[in-house]
Asks: 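One structure, pasted below without further comment.
Numbered from 1 within each chain, the chains take letters A, B, ... in sequence-line order.
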Amino acid sequence: MKPSKIQTPGAQKSKEAPAEVTRRSFLNILWAVLGLAALAEFLWLTVSFLRPAKPGSAESETDTVVPAGALTAFAPGTVTAFQKGEFYLVRLEDGGLLALSCKCTHLGCTVPWVEKEKKFLCPCHASAFDITGSVITSPAARPLDTYTVTVENKIVKVDTGRRFKRSRFDSGQPVYPPKE
Amino acid sequence: MKATTPAADRPQRRFNLLGTLVLHFRPRRVPERTLRFTLTWGLGGMAVVLVLLQLFSGLLLKFAYAPVPTQAYESLVRLQEGFLFGRLVRNIHFWSANLLVVVVCLHGLRVFFSGGFHPPRRLNWVVGLSLLILVLASNLTGYLLPWDQLAYWATTICLGVLEYIPLVGSRLQQIALGGPQIGPAALRNFFALHTAVFPALIVMLMAFHFWRVRKAGGLVIPRAPAEELAKPAMVPTNPDLLLREAAMAMAVIAGVLVLSLLYDAPLGQPANPGLSPNPTKAPWYFAGIQELLVHFHPSFALLIVAALAFGAFYLPYLHYAETPAGVWFASATGRRTALAAAVAAGVATPLVVVLGEYAVDFSAMMPGLPQALSLGVVPTALLIAVVAGFYAVMARMFQASRLESVQAVFVFLAVGWALLTATCVFFRGQGMELRWPF
């Protein structure tokens, strides 16, 4: 059957007013909408298939809090590297604690702490950061990222599950253990 | 055509496989002048041969390689030491990959400068550029697979750049990495892209590319600037074209073999996520971007790259008054403007690099401003002013048409880009400081 050959009153009318919806054009639109919906579903499926496991899922929460050690192990003005969690635990001169990511904020190289110069020096593109993670030398544009530090029963813990970006160092960022 | 096949062409029907398979892409006869070696330099054919070499050597490598961080490096060591010709196969893959980038770029330049991007070849220019991007993507994803220090850190900084793409950057990076840093998920992703997605796309687009060449009536026919095209003399594809192509293909294969025998593909220390080497450089074909990053705020460096890429794609659609297909550098004026542009870029680029290193520090000159302004907006605006000024000077000084001026800007940017790439590859040492390579 060739529907286009059948002269229905509707088809006659549509010649005069092309905007009118015929059965044929309605079904065509329906097909197009269904097709687009299917495409959107496939896209959504693909994207969610490729998306990495969400941070904060049940598995990661238990794993990410790293006990760094007793508070007394971190003397003021020192930087301690933690290879496993890939962060530095910094004890500032005033006793504040900071957990700094060891990834350079420029392009992601690992920055070693150079004790002699009291600086984090990126070997890749010569960015330098001070003990608070603030930029001394560009190209890095923002300070080293931080992780959440908590002190419980004089034990320092670092949550490596979530990395925080910051635009500058301010006094609200270090965690101060309760005074004796 | 079918009814009036000349008697001279008939014998080729005997080669049935050749006639139905290889010649499927080809007309029976081609204009004699398109066979001239100095029209194409055989670059398109070279690229095909290199892609085939890539596919075959890659297929062999796939039987030896383990795409897991703990085994990848060892599997390559085993390949090189335990497999018959294992090292040679890897070398062939390495060399043909690098040569492919060079050859595809040269092929693009040849097409551009011989006017091969005018109608009806405009779409094929876009297809060709897409192929270049796919070749670069294949190279980058393959770069990580050896899982040595070079691979790990070069890929780290390439993916680090993604973060600066506005809005979608972080998410893109997340998807590519599959985690907070390069690890098993990233290796899995790269392996899948490198061995399935990109090769499939390349092969499909290549078929489309060739088909468009045929639709356009073959290659541009070379001619002098003032020469009118008469009816070209034709010769049979077989043997006149095929023999030349076969000779070229064998020369390319021989060249790759010699390179692979003489120079080994690098395999350094196994990847160590805790220790970045100094300096860490991107693969050479992305070194231009890395050099831009030295001078510009990352978001603006990416903006410039995106603008250049868009400009390259849009080149055929600029409504030129004349479309001199087959004339090298468009015209006599075009040759002069192109030469002037090459000289200008050859002087200006090293000057800017050296000044940027030792004399001019925009972020120190404007201490009150955020880096996005002093290292982003200001130098980008300067660059745009230079390019726009250059275009105006070309149009005024040489009475250049739009086509000739656009070509001059293209030459200016291409030479500049090549010099930036060379700067990063050869002249950057520890801490990305300028140094003399010898």
Asks: Which residue out of B/P277, B/P298, B/C158, B/P279 racks up the most heavy-atom pairs below 4.5 Å with chain A?
Replies: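 Counting heavy-atom pairs under 4.5 Å, the top option is B/P277.
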Asks: Taking all non-hydrogen atoms of both residues into account, name the closest pair between B/A287 and B/C424 and its distance.
Replies: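 Reported closest heavy-atom pair: O-CB, 3.5 Å.
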Asks: Let me know which of B/Y73, B/Y152, B/Y65, B/F191 forms a ring pair (Phe, Tyr, Trp, His ring centres under 6.0 Å) with B/W147.
Replies: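 One option only clears the test, and that one is B/Y152.
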Asks: By a 4.5 Å heavy-atom criterion (distance strictly below it), what part of A/S127 contacts chain B: side chain, backbone, both, or neither?
Replies: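 Answer is neither: A/S127 stays 4.5 Å or more from chain B.
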Asks: Between B/L162, B/L275, B/T280, which residue shows the highest count of heavy-atom pairs closer than 4.5 Å to chain A?
Replies: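 Going by pairs under 4.5 Å, I would pick B/T280.
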Asks: Could you check whether any side-chain N or O of A/S134 sits under 3.5 Å from a backbone N or O of A/D130, counting only pairs where one atom can act as donor and the other as acceptor?
Replies: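 Here the side-chain-to-backbone pair does not exist.
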Asks: Could you tell me whether A/R142 and B/E163 make a salt bridge, using a distance below 4.0 angstrom between a side-chain N and a carboxylate O?
Replies: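 Between B/E163 and A/R142 there is a salt bridge, with a charged N closer than 4.0 Å to a carboxylate O.
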Asks: Judged by atom type as modelled, is there a donor-acceptor pair below 3.5 Å linking the side chain of B/T155 to the main-chain atoms of B/A151?
Replies: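 Side chain of B/T155 to backbone of B/A151: a pair is present.
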Asks: What part of A/A128 gets within 4.5 angstrom of chain B, counting heavy atoms only: side chain, backbone, both, or neither?
Replies: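 For A/A128, there is no contact with chain B at all, as no heavy atom is under 4.5 Å.
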Asks: In terms of heavy-atom proximity below 4.5 Å to chain A, should B/S299 be classed as side chain, backbone, both, or neither?
Replies: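 When you check distances to chain A, no heavy atom of B/S299 falls under 4.5 Å.
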Asks: For B/Q290, is it the side chain, the backbone, both or neither that has a heavy atom under 4.5 Å from a heavy atom of chain A?
Replies: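 The answer is the side chain of B/Q290.
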